Amino acid sequence: MSVSKEDVRRIARLARIAVDDSRLEGLAGELNSILHWVEQLGEVDVEGVEPMTSAVDARLELREDAVTAGDDRDGVLANAPKSEEGFFVVPKVVE
Amino acid sequence: MADLSALTLDAALTGLRNKDFSAKELAESHIATAESANASLGCFLKLTPDHALKAAAESDARLAKGEARPLEGAPLAIKDLFCTEGVETTASSKILEGFKPPYESTVTRRLFGAGAAMVGKTSLDEFAMGSSTETCAYSKTVNPWRANGSNAALTPGGSSGGSASAVAADLCLGATGTDTGGSIRQPAALTGTVGVKGTYGLCSRFGVVAFASSLDHPGPIAKTVKDAALLLGVMAGHDPNDATSLDVEIPDYAAAMGKGVKGLRIGLPKEYVSDGMPEAISDLWKTGADWLKGQGAEIVEVSLPHTKYALPCYYIIAPAEASSNLARYDGMRYGLRVDGEGLVPTYEETRAAGFGPEVQRRVMIGTYVLSAGYYDAYYLRAQKVRRKIADDFAKAFEQCDVLLTPATPSGAFALGEKTDDPVSMYLNDIFTVTANLAGVPAMSVPAGLSADGLPLGLQLIAPPLGEQTLFAAGAALEEAAGFTAKPERWW
């Protein structure tokens, strides 16, 4: 499988990264060289193998349903690029 | 007074308890050394003398009262991937410029709670994605080591290159690193320092800027195996804030160093032998095996048949997890925002301006392998191959107690040498990445010099929670190697 300029445009859109048309060709080349290299995994017989999602057997503990952090509006907003009157200010989300 | 910066962590802690010098003197000495060296080495993104001196004042008060904590008065460097409360944390990325975390990472909280002081925040590859620290958006990090008769600048490796460089140049007594595919062990090997990552989950990831969550391992970079044991002993421990944190008793790693290797079975994985391996590396590997054999260990050949698939497997799983983790950088709640015409253009412009080329590349690879129609062919297959790699280790550890391998395929390389070809850079991690996929503990120990006078490391890999064996074998290797070389000061 290899990616085309159109694929790169679609991937960049999904990844929410603005990519100028002039960069599409170069990026397609870079991504293809990585994708061709990883395709050697196709040689491995993985029939019946359970996918591994974690290095440790995940056994999630239940914790007490209690508030452990919070009530720190100013701390939460301290790094905001833009805030007003205790709120994050963001571009218009709903038309 | 002798040069306090040249001390090991262990010697400095003893000197403090014996009142040979004060924590204030020790901190001042490291601050001065770090300040003067940083223009040449570029390993600190930010120096934090106020933090270090404040901690030193408390340490002196505690030392006076005989209430010293385990790392009382030790000046350390902190990789700029660890959130430090109120102190700018950037992950070497423009997208986090100016970000001051409102909380402390668990690992740094534990270190500071044990009496350590912070000299500064060290450079890394952007979001820890790289093997040379060259993708850092803010500084050029240089290895204090140079080849014999050359003044060419070499990389310290990466991604924890700033930490490794700072430890090798005596700018701190030890440092934190993180290791996702070799990012502690490779720079340690390239700078003549000791690097350790524990079993997955041993050190909490809480407050560590996430790269690939199932592969990220915090750990120490230190001057000696003993120093690494002292640091890991404080960094490790259960944390309810990290769902993958192991709830296990943390043993005395330094005490385990005295166990020796008599009767230990040392496995040499035959797949780690490659035709292109430089002679200096294969010779050192053989020598390392002989050293351990000389101390009573038994050498056995083992097989890890899926080794060659480890890097390709990693370069699907790590970018996939990264693309998901880095989705949080949207310019809304913290970090950079570049205004576009509407919401989506604002996201896109922010991320295009804030992420460097390697990060963009990996986020796009990750997005692609997780996208509809490709998930099974790439991501699911990689997770199955990962299982086979982990099974290889489980089988190998039926025949041996610890594995011995080279740490890196070469010594330190020149700045710019591998930046044009991503895959050639990725190959740096060929010997280290398997331990991340399997989640097993591993250590890099400086073991010798190449013909041109650059440090080379050997790697030890132990079964899950086999850190004590790791430290026993690491101490034996260190003693036999007698590695005392230091880079000549040119900075």
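Worth knowing before you read on, the calculation uses all heavy atoms, side chains too, and leaves out hydrogens, waters and symmetry mates. Letters A, B, ... are given to chains in the order of the sequence lines, protein chains preceding strands, and every chain is numbered from 1. Please read all numbers here as calculations on a predicted model, not as lab measurements.
When every heavy atom of B:Gly331 is checked against every heavy atom of B:Arg337, the shortest pair comes out as O-NE, 2.7 Å. Closest approach of B:Val363 and B:Ser323 over heavy atoms only: O-CB, 3.5 Å. A pairwise comparison of heavy atoms in B:Ser204 and B:Asp239 identifies OG-OD2, 2.6 Å as the closest pair.
Contact tally against chain B (heavy-atom pairs below 4.5 Å) for A:Gly42, A:Ser33, A:Gly75: the top residue is A:Gly42. Here A:Glu50 is the residue among A:Arg63, A:Glu50, A:Arg23 with the most heavy-atom pairs under 4.5 Å with chain B. Your options are A:Ala78, A:Ser83, A:Ala18, and the one with the most heavy-atom pairs under 4.5 Å with chain B is A:Ala18. Counting heavy-atom pairs closer than 4.5 Å to chain A, the top-ranked of the candidates B:Glu321, B:Glu349, B:Gln360 is B:Gln360. The most heavy-atom pairs under 4.5 Å with chain B, out of A:Lys92, A:Gln40, A:Arg10, come from A:Gln40. Interface remark: of the candidates A:Glu30, A:Lys82, A:Arg16, A:Arg13, A:Arg16 forms the most heavy-atom pairs closer than 4.5 Å to chain B. Interface summary for chain A: among B:Arg351, B:Lys388, B:Arg387, B:His306, the most heavy-atom pairs under 4.5 angstrom belong to B:Arg387. Contacts with chain A were tallied for B:Ala390, B:Pro422, B:Cys313; B:Cys313 has the most, counting heavy-atom pairs under 4.5 Å. Ranked by heavy-atom pairs shorter than 4.5 Å toward chain B, the options A:Asp20, A:Thr53, A:Val8 are led by A:Thr53. Each of B:Lys100, B:Met364, B:Arg333 has some count of heavy-atom pairs under 4.5 Å with chain A, and the biggest count is that of B:Arg333.
Annotation: side chain of B:Thr178 is not in contact with side chain of B:Asp216 (no heavy-atom distance under 4.5 Å). Contact of the B:Asp80 side chain with the B:Thr89 side chain is registered, since non-hydrogen atoms from C-beta on lie closer than 4.5 Å. Side-chain contact between A:Glu39 and B:Pro312 is absent, with no heavy atoms from C-beta onward closer than 4.5 Å.
The contact between A:Val19 and chain B is made entirely by side chain atoms (from C-beta outward), counting heavy-atom distances below 4.5 Å. With a threshold of 4.5 angstrom between heavy atoms, B:Leu311 approaches chain A through its backbone and through its side chain. With a 4.5 Å cut-off on non-hydrogen atoms, B:Tyr314 does not touch chain A at all. If you measure heavy-atom distances from A:Leu27 to chain B, the contacts under 4.5 Å come from the side chain alone. Interface remark: B:Ala243 contributes backbone and side-chain atoms alike to the contact with chain A (heavy atom separation under 4.5 Å). At a 4.5 Å heavy-atom cutoff, the contact between B:Ala382 and chain A is made by backbone and side-chain atoms alike. The contact between B:Val385 and chain A is made by backbone and side chain atoms together, counting heavy-atom distances below 4.5 Å.
B:Tyr200 OH to B:Thr244 OG1: the interatomic distance, rounded to the nearest 0.5 Å, is 3.5 Å. Between atom OG of residue B:Ser214 and atom CZ of residue B:Arg386 there is a gap of 3.5 Å, rounded to the nearest 0.5 Å. Taking CG of B:Leu437 as the start and CG of B:Asp392 as the end, the distance is 11.0 Å to the nearest 0.5 Å.
Between B:Tyr329 and B:Phe99, the ring center distance fails the sub-6.0 Å criterion. In summary, the aromatic rings of B:Tyr368 and B:Tyr378 are positioned with their centroids under 6.0 Å apart.
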